[in-house]
Every structure is written in structure tokens, then in C-alpha cells.
Protein chains: 2
Amino acid sequence: MNSSRSDLSEILRQQRVMMSLTLGELAEKSGVSASHLGRIERRERFPSGRILRRLAKPLGFEENELFALAGYLSPTPSSVAEESPAYVGRRLDPYVARMLAQEPVDVQRAVIGILSILKSLAGSMAGERDRQ
Amino acid sequence: MNSSRSDLSEILRQQRVMMSLTLGELAEKSGVSASHLGRIERRERFPSGRILRRLAKPLGFEENELFALAGYLSPTPSSVAEESPAYVGRRLDPYVARMLAQEPVDVQRAVIGILSILKSLAGSMAGERDRQ
DNA sequence: GGGGTGAGTTGCCATTTGGCGAAAAATATG
DNA sequence: CATATTTTTCGCCAAATGGCAACTCACCCC
């Protein structure tokens, strides 16, 4: 978790120099103070997300790109491949959560209502079957 | 700009509740102290990128997704373009989340299946009615 | 030589972050 | 109802962030 990932600071400075911006100009464009920028470039400070975000456009970066460079994002976001093993227990599946969250709350509640009806139905049917 | 973009904090809390994790458990999984997590959820603290990143996987988020929700990234960077806005718009009712989380994952998924069937049914019925 | 002028750096400080441990509030058990 | 036990919140503190103003270091012109 160290700075060996080809150093955001270096990249920032290089990009700034390439666009032939001074610290002051970049400060003006980005709304981040020049002194802070300077310290970031020589890694005396580590920019928060807020700052990083303000720097992206003035330097011609995509925001995600910068975040990735900063190590905030993993280099390969890939996709939702590896999520199951941890959550098998009695947790709400993220996919399910996402789907349901798209519905209005009353629909969500109705779904729970239907579920409990089905469960009690299943319960009584099992009871009948057992009784026979 | 405004922190009111549907409140990361709320989303974090809801997602945690959805997965029926306690602050302590999430703390353990994410390596962020429980007290800090608590304060983030009730927006007394605003998580840095580092913290946000640690929270993503334990909560079943894609990192970019979380960053987008936090307002660090612009709303539609690329990949997660379609699910984020919906997710941002509506939220999963905590009661519903609790109820569903008690069921095994396949039951949860079945519930979603039933819901989508009902929705498509309702859709086609509305279509027929309109046509007449 | 003595002054500007523009760039980067440093000193200082208010504010925020984030962790640890204790208090308080909920929940579970008797 | 009391009382363990878990879960959340609070108090406090060290460390980090980020801005302002002052400083240094060139370079240029007179």
C-alpha cells in the first residue's frame, strides 16, 4: 500500500508541466491552492478524493482514470465476479438488494407480504401432507 | 458541491443493514473502526477515498460505483451507468431488507423472479386494456 | 549593483479525519 | 422486572489535510 505504484505525484507534475501550466494557473483552474498542489506533487500531502476530482478535468484526465492512478480504485475493476463466498449466510444478496431497491417502498413491502403468504401456505400444505 | 446527492451515508447504512452486518462486523471486514463507520453513516464524518475503497467489497459494491455514489466520480463514468442512478433514486426499506435477509439466497432470488413475472403480467394487462 | 516579477517552497494554523476506549442504548436471557 | 450481552454513540486525541501569507530562488530589465 505504498507509493510505488508509479506515483500519482509524478504523474500529476508531469501532466501539469506538459500542459505548461504553473502551479498558480492550475490552482486557478482547479480551485486548489497552489501551495497544496506543490506539496502534493512532491508528496508531502496526499490529495483527498475531493481534491483529486477537481484536478481531473484541468489536467485532461478522466476522473476514474485519476482515481485509479491514485490507487483509490483497483487497477482492474472487472465486474461482479467474486462476491458470493463471503455472503452466503443470512445476508441479503447484493443483486437482490439492487433489484428490489429499484421499486417503490410499497412495492417492496408488498413483495414481503407475498413472500410471507407463500411461506405460510407452504407451511400449512406441509402440515396437511404430513397429516395424511 | 452539494452533499445532498441522495446521501452516501444513507446508502451505506442501508446496505450494511441489508447484509445484516453490525458496525463491528463491517469494521472487521473492512478494517475501518466501528466508531468511524457509525459516524460516517450519520454523516458526522466524510470518508476519504481510502476508507471508501475499503468499504466497497465488504458491502458488495463495485469500487467505482461507491465512488460515484459518494460524488467523487461524475454520475456516469462508463460501466455502471445504468444501475447506479436507479439505485441512487430509490432505497431499500430497512424492514424489507431485514425480512428478506432471513431467507436463503435462492429464496431471495426466487422472490425477485416472482416480482418480475408480476410486473410483466401487469404490463401486458395494461397493454391489453389500453388497446381495447 | 539594485529593483521588479513570476515561479515554487515553507511556516503556521484552523479544520477534518479516523482510531481507541468508555458511556449509553438496545436486545437478549434469566 | 432485572441483568447480562451485544450494538451503537460519545469523548478525547494524534495525525493529516488544505489554505493563506511570507519567504526564497531564479531570471530579466534598468
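Being a predicted model, the structure only gives us computed values, none of them experimental. In what follows, every heavy atom counts, from backbone to side chain, and hydrogens, waters and symmetry copies are set aside. The chains referred to below are lettered A, B, ... by the order of the sequence lines, with proteins before strands, and numbering in each begins at 1.
At a threshold of 4.5 Å between non-hydrogen side-chain atoms, the residues B:Leu21 and B:Pro58 do not count as touching.
On the nucleic acid side, DNA chain D contacts chain B at distances under 4.0 Å to non-hydrogen atoms, with the end points of that region at D:dT7 to D:dC12.
Atom CD1 of A:Ile51 is separated from atom C1' of C:dT15 by 13 Å (rounded to the nearest Å). Rounded to an integer number of Å, the gap from CG of B:Leu52 to P of C:dT17 is 12 Å. As rounded to whole Å, 13 Å separates atom P of C:dG19 from atom CG of B:Leu23.
Residues from residues 32-45 of chain B that place a heavy atom under 4.0 Å from any atom of DNA chain D, listed by number: B:Ser35, B:Arg39, B:Arg42, B:Glu44.
Not one N or O on the side chain of A:Gln14 forms a donor-acceptor pair closer than 3.5 Å with the backbone of A:Ile11.
Remark: A:Arg42 pairs with A:Glu44 by the side-chain hydrogen bond (donor to acceptor under 3.5 Å, both in side chains) rule, at least two apart or across chains. With sequence neighbours left out, A:Arg16 forms a side-chain hydrogen bond (donor to acceptor under 3.5 Å, both in side chains) with A:Glu41. A:Lys57 is linked by a side-chain contact (heavy atoms from CB on, under 4.5 Å) to A:Glu63, counting only residues two or more places apart in sequence or in another chain. Taking A:Arg45 as the reference, nothing meets the side-chain hydrogen bond (donor to acceptor under 3.5 Å, both in side chains) condition, with sequence neighbours excluded.
A continuous path of ILVMFWY side-chain contacts below 4.5 Å connects A:Met19 to A:Phe61, so both sit in one hydrophobic cluster.
Within a 6.0 Å sphere centred on CD of A:Glu25, heavy atoms belonging to other residues, nucleotides or ligands number more than 12.
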